[in-house]
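Because the structure is a prediction, the values reported are computed rather than measured. Basis for what follows: all heavy atoms, side chains included, without hydrogens, waters or symmetry-related copies. Residue numbers begin at 1 in each chain, while the letters A, B, ... track the order of the sequences.
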Amino acid sequence: MPEGHTLHRLARDLDDAFGRSVVRVGSPQGRFAEQAARIDGRVLEEAEAWGKHLFLDLEGEQVVHVHLGLYGKFAVHTGVEEVLDPVGQVRMRLVRADGRAYADLRGATACELLTPEGRAAVVARQGPDPIRPDADPTPAWERIHRSRAPIGGLLMDQTVLAGVGNVYRAEILFRHRMHPLRPGRTLRSGQWQAMWDDLVELMATGVRVGRIETVRPEDQAAAKARARATRASDAGRGRRPSYNYVYRHHGEPCIICGSTIRTEELQGRNLFWCPRCQPVFRSRATA
DNA sequence: CTGTTATGTGCAG
DNA sequence: TGCACCTAACAGA
């Protein structure tokens with residue numbers, strides 16, 4: 001589930017398991033074998049996340065850059081008795097020198113060796129990351145404030161804001177009663193500030209609990225009721241109940257107003273919104 | 001078994 | 001805008 005919270009949690013887990021230790025690096029699948037050989041046996045100094053990017057800083061100015069893409073997985077195994085044989089296509093495997101921890105990377109969009117300069121270049125392309133304590137939302141507001149593009153697109157643009165993916169986008173827009181196609185320049189600064197503050201809190205929760213949770217406490221009962229009803233009437237459709245407001249709930253009733261949740265494609269990604277809770281924006285000039 | 005879908009990105013045209 | 005990337009989970013046959 002790779003939105004920003006996944007990468008920050010991974011960085012933490014990898015840092016706990018391998019940080020400041022000698023790591024053996026391999027590529028059972030072979031695609032990363034040459035690079036792995038160059039860093040095998042070095043000390044992993046630190047693991048760090050920036051938006052959806054993960055960096056493993058090794059001694060000797062070597063950086064492993066990982067981006068999970070849509071379906072990449074990085075499975076971290078700690079406190080193990082033995083290191084099991086790799087299953088499936090393992091692009092990169094890390095094994096702690098004492099054999100008590102290992103981690104397997106599969107299906108990543110990016111797994112490459114960078115210099116510190118290359119790492120800095122990737123970071124320079126990222127907008128502020130709501131999960132990072134040093135994040136400054138001002139440059140994101142500057143971009144949004146001056147843009148005719150829909151807020152739904154801007155929230156997913158990693159050069160505007162780093163770490164937000166399709167789930168957080170859909171949910172944050174619902175929580176702020178905002179239509180996804182509303183032009184960025186029509187937002188008031190207070191609305192943006194409220195959304196940013198909310199993202200900081202929601203994404204921190206995501207890192208803590210390891211999944212995206214966006215439903216307010218007072219709406220939990222309604223969310224569970226909808227999940228039960230949907231499962232009953234929709235048996236066989238295979239949708240597992242999830243406690244989101246709108247993400248992947250198209251065709252189901254909104255738990256706040258009962259309207260049917262809608263979906264539509266924007267730039268190749270699915271938008272989800274409630275037509276009543278998130279009305280189309282009308283500027284004063286046209287109202 | 002097959003087909004579909006996915007929390008993402010970058011490049012070709 | 002469309003597709004390639006390349007993995008896993010799931011529904012249905």
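Protein atom CD1 of A:Ile212 is 13 Å distant from nucleotide atom C1' of B:dG8, rounded to whole Å. Whole-Å rounding puts the A:Gln267 CD to B:dG8 C1' distance at 13 Å. As rounded to whole Å, 14 Å separates atom C1' of C:dG2 from atom CZ of A:Arg269. In this structure, A:Glu213 places its CD atom 15 Å from C1' of B:dT7, rounding to the nearest Å. Taking atom CD of A:Glu265 as the reference point, atom P of B:dT5 lies 11 Å away to the nearest angstrom. Rounded to an integer number of Å, the gap from A:Arg125 CZ to B:dT9 C1' is 11 Å. A:Leu105 places its CG atom 17 Å from the P atom of B:dG8, with the value rounded to the nearest Å. Residue A:Leu266 contributes atom CG, which lies 15 Å from atom C1' of B:dG8 at whole-angstrom precision.
Salt-bridge annotation for A:Arg119 and A:Glu117: absent, with no side-chain N of the basic residue lying under 4.0 Å from a carboxylate O of the acidic one. Here A:Arg20 pairs with A:Asp15 in a salt bridge; the nearest charged N to carboxylate O distance falls below 4.0 Å. Between A:Glu48 and A:Arg132 a salt bridge is recorded (basic side-chain N to carboxylate O distance below 4.0 Å).
Of the N and O atoms on the side chains of A:Arg143 and A:Thr159, at least one donor lies less than 3.5 Å from an acceptor on the other residue. Under the 3.5 Å distance criterion, with hydrogens and angles disregarded, a donor-acceptor pair is assigned to the side chains of A:His8 and A:Asp129.
Proximity of A:Gln278 to A:Met178: side-chain heavy atoms (C-beta onward) are nowhere separated by under 4.5 Å.
Dashed line: the shortest gap from a side-chain N or O of A:Asn270 to OP1 or OP2 of B:dA6 is under 4.0 Å. Distances shown here put a side-chain N or O of A:Lys52 below 4.0 Å from the OP1 or OP2 atom of B:dT9.
Here, B:dT4 and C:dC3 have their P atoms 14 Å apart, quoted to the whole Å. Taking atom C1' on both C:dT1 and B:dT7, the two are 22 Å apart, rounded to the nearest angstrom. Comparing the C1' positions of C:dA8 and B:dG10 gives an interatomic distance of 23 Å, to the nearest angstrom.
Scored by the side chain to side chain contact (heavy atoms under 4.5 Å, CB included) test, A:Val280 finds A:His179, A:Arg282 as partners (sequence neighbours excluded). In terms of the side chain to side chain contact (heavy atoms under 4.5 Å, CB included) criterion, residue partners of A:Arg148 (sequence neighbours excluded) are, by chain and number, A:Arg185.
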Please tabulate the protein-to-nucleotide N/O contacts below 3.5 Å involving nucleotides 4-6 of chain C, giving atom names and distances.
residue : atom : partner : partner atom : Å
C:dC6   : OP1  : A:Arg31 : NH1          : 2.6
C:dC6   : OP1  : A:Arg31 : NH2          : 3.0
C:dC6   : O5'  : A:Arg31 : NH1          : 3.2
C:dC6   : O2   : A:Tyr71 : OH           : 2.0

Under 3.5 Å between N/O atoms: give me all the protein pairs with nucleotides 11-13 of chain B, atom names plus distance.
none

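More than 12 non-hydrogen atoms from other residues, nucleotides or ligands lie less than 6.0 angstrom from NE2 of A:His77.
Applying the side chain to side chain donor-acceptor pair (under 3.5 Å) test to every pair with at least one member in residues 30-47 of chain A, sequence neighbours left out, gives these pairs: A:Arg24-A:Asp40.
Of the residues in residues 158-180 of chain A, those with a non-hydrogen atom less than 4.0 angstrom from any atom of DNA chain B are A:Gln158, A:Gly165, A:Asn166, A:Val167.
Between A:Phe174 and A:Tyr245, the ring-plane angle classifies as parallel under the 30° and 60° cut-offs.
For the pair A:Gly152 and A:Leu266, the tightest heavy-atom approach, listed with the atom from each and the gap, is C-CD2, 4.2 Å.
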